[in-house]
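Below you'll find the structure, written out as structure tokens, and then a few comments.
A note on names: the letters A, B, ... follow the listed sequences, proteins ahead of strands, and every chain is numbered from 1. Computation of the quantities below employed the complete heavy-atom set of this structure, encompassing side-chain atoms and omitting hydrogens, waters and symmetry-equivalent molecules.
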There are 2 protein chains.
Amino acid sequence: MPQPARPPRRVTIPDVARHAGVGQATAARVLGGYGSASAATRERVLAAAAELGYSTNAVARSMISGRTHTLGVVVADVENAYFARAVRGVSDVAARAGLQVVLANTDEDARKERAAVQMFVERRVDGLVVTPAGSDHAHLDKAIASGIPVVLLDRALGGAGLDSVVVDNRDAAQAAVAGLTSRGHTRIAVITSASPADDAAALASGADIWTTTERLTGYRQALRAAGIPRTAEIVRHTGYDRARARAAVLGLMTADDRPTAVFTTDNVATLGTLDALRDLDAHLPDDVSVIGFDDAEWATLIRPRLTVVSQPVQDLGGLAAEILLRRIDGSTARPRRHTLRSTYIDRESTAPAPATPRPLRLPPPA
Amino acid sequence: MPQPARPPRRVTIPDVARHAGVGQATAARVLGGYGSASAATRERVLAAAAELGYSTNAVARSMISGRTHTLGVVVADVENAYFARAVRGVSDVAARAGLQVVLANTDEDARKERAAVQMFVERRVDGLVVTPAGSDHAHLDKAIASGIPVVLLDRALGGAGLDSVVVDNRDAAQAAVAGLTSRGHTRIAVITSASPADDAAALASGADIWTTTERLTGYRQALRAAGIPRTAEIVRHTGYDRARARAAVLGLMTADDRPTAVFTTDNVATLGTLDALRDLDAHLPDDVSVIGFDDAEWATLIRPRLTVVSQPVQDLGGLAAEILLRRIDGSTARPRRHTLRSTYIDRESTAPAPATPRPLRLPPPA
DNA sequence: CTGTTAGCGCCTTCAC
DNA sequence: GTGAAGGCGCTAACAG
């Protein structure tokens, strides 16, 4: 039966010092790269270290410096291409500054998020990038109070005095949907992964925003600007579940007076929407126009090529890391929202609304 | 000018002990959850801790226990869906055991890999999952020698006495290509991201394997079994570069005696291949059959749906983590290769070879 | 059950 | 330029 073996004793500075025949402090100085030592002793210490296979103990070093050279990153799911890219952005900037990234997935579960943040506080990460799942930020405030800077990624939070890095969600959504209304679409559905509960909570919590809320607001503004009544709004929340998004679109498209266009607010919703449209044998863009939020590596592989609102996801992550690095360096600038610009990429999945939408039906299973 | 501010002093156990009017050790016991304390004192300590906002210092704890409850994961690029899924697999299993995952991207650069591994050793991670970029494993041996268990993911390494988790690459590739030869294809191209240099090195280093080598071997076996001469082998190495993969396929397909089928060994190669085929206006699968290694979320969204060899990527990562956990628990089982089964998913991108392949040309730019 | 006392490995005064 | 001694925050023997 394997017993929880404690790791073997490692070579330490005293070991090296003894082996080199110098004092502990001297060995520490050359191995730590501070203070000074004569070329001769340096040589001997280095030789002894190499011989014994000495390796710095970063834990002990952290204990003194109070810095772990580590950034905590809390996202919903690294498997999601959006977060994967964002993490890469954070990681690249961090690595350049000699920091490493510790990852935590929350699956949009606020409890997991709190647990992850607490764990990061205990581990004394030097900074925290968080994609908050809910609208509560007490745990983030606590992190900040304990001296750990926090930057919100992709989502801002109402009231919190926190740095955040987001895109111009409202404008981008508005522009995208306006492109649809200007082509005669009046029945435009929005498929979004965020749950209405989160949405309401974000709204209720006050002044500020949560990404999906912003995108929905942009959608509504575009409809209003086109003189489309509020009763014609079609919004489905499908909770980061591709199958549910598919089901929602299936339902929408096979009903009377079906939408002639779909706007999706994230890549999971986009995937599910396209599943449904494929299964319905819908001819894009003639039967239905589609615009997705966030570009994807496969967007130009499907037919027609998908029109999207593209976000600079890597940059978002990179900027979050930079802000953190600045704060770690002692910056006390007032926390604020940093908004990056998204780009509308007009490809081939939008077209004028059909005069009389062709009815769509699920073909009977073979 | 912001000065590298050391983090503020945090509340420590002595602080809590004083505030609760108990001895340091007592406070430590209840806060650390070991030893025993009377309900009354426990109460008071907890209250004091809450009041002062005490938070365990995991760094100090690690210093004593010698364990950081951390797994280092070294991959080529988290942005790549394959690695993202693998990381998620590792992370889930690790999280369940109370460990967190530290990430490092190498971009297939052996130097970056060595640096990352060394950094992980210095940080005293409890275990290491590595997708080795080269065939050299001295740095991994060093990690093991220093008491850190290592598991190779996705790629095995010749000669190294290391645990590894891989799929049945050779058989899977052989079966996939055999599916092509059985349908009359004789001109079958392989597009692979791995560079020939790596390949040769892996081969040279001895007995064992490296994933791409295995897949190529499977390809060759299938050709041989079908009586196709070695001179008909078509292999392009495109170095994890989608654009280069596209260019390679473009070149191949516009030449005389073009391939009628393409087998790609990873998702980057698949993406580039499909780019090229789309640009050539090739009609899949009639003009060209395609089989990709590794399934993708968009594989059923393109027309025709992509036939693939699907790997249990999450499981691969999860198993790697489990092996590590076992070793951390003291297991001394002989390191070995763990092979998981891949699945051939026959969708719509393969068809019999055309009798007379239609010439493919890049349409002139509009 | 509780308090006192040593360290974990390193950095940092401070004398020499 | 070099060595000795103290402490970072916690756990682990010990006594009491």
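Scanning for salt bridge (charged side-chain N to carboxylate O under 4.0 Å, His left out) contacts around R336(B) gives an empty result, with sequence neighbours left out.
Side chains of R18(A) and T12(A): a donor-acceptor N/O pair is absent below 3.5 angstrom, by distance only. In this structure, a donor-acceptor pair under 3.5 Å is absent between the side chains of S38(B) and R44(B).
Contact annotation: the side chain of V102(A) never approaches that of T70(B) to less than 4.5 Å [non-hydrogen atoms, C-beta and beyond]. Within the 4.5 Å cutoff, side-chain heavy atoms of L152(A) are placed close to those of L140(A).
Counting non-hydrogen atoms under 4.0 angstrom, S62(B) reaches nothing in the nucleic acid. If you check every strand for non-hydrogen atoms under 4.0 Å, V59(A) touches nothing.
Rounding to whole angstrom units, CG of residue D15(B) and P of dG7(D) are separated by 16 Å. As a whole-Å value, the separation of L52(A) CG from dG9(C) C1' is 15 Å. Taking atom CD of E122(A) as the reference point, atom P of dG9(D) lies 15 Å away to the nearest angstrom. Straight-line distance from the CZ atom of R18(A) to the C1' atom of dG9(C): 13 Å, rounded to whole Å.
Under 4.0 angstrom from either OP1 or OP2 of dT2(D) there lies at least one side-chain N or O belonging to S38(A). One finds a side-chain N or O of T41(B) lying less than 4.0 angstrom from the OP1 or OP2 phosphate oxygen of dT2(C).
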Does the protein touch nucleotides 10-16 of chain C at the base, only the backbone, or not at all? Give it as B, S and - per nucleotide, heavy atoms under 4.0 Å. BBB----

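Heavy atoms from other residues, nucleotides or ligands lying under 6.0 Å from NZ of K142(A) number 12 at most.
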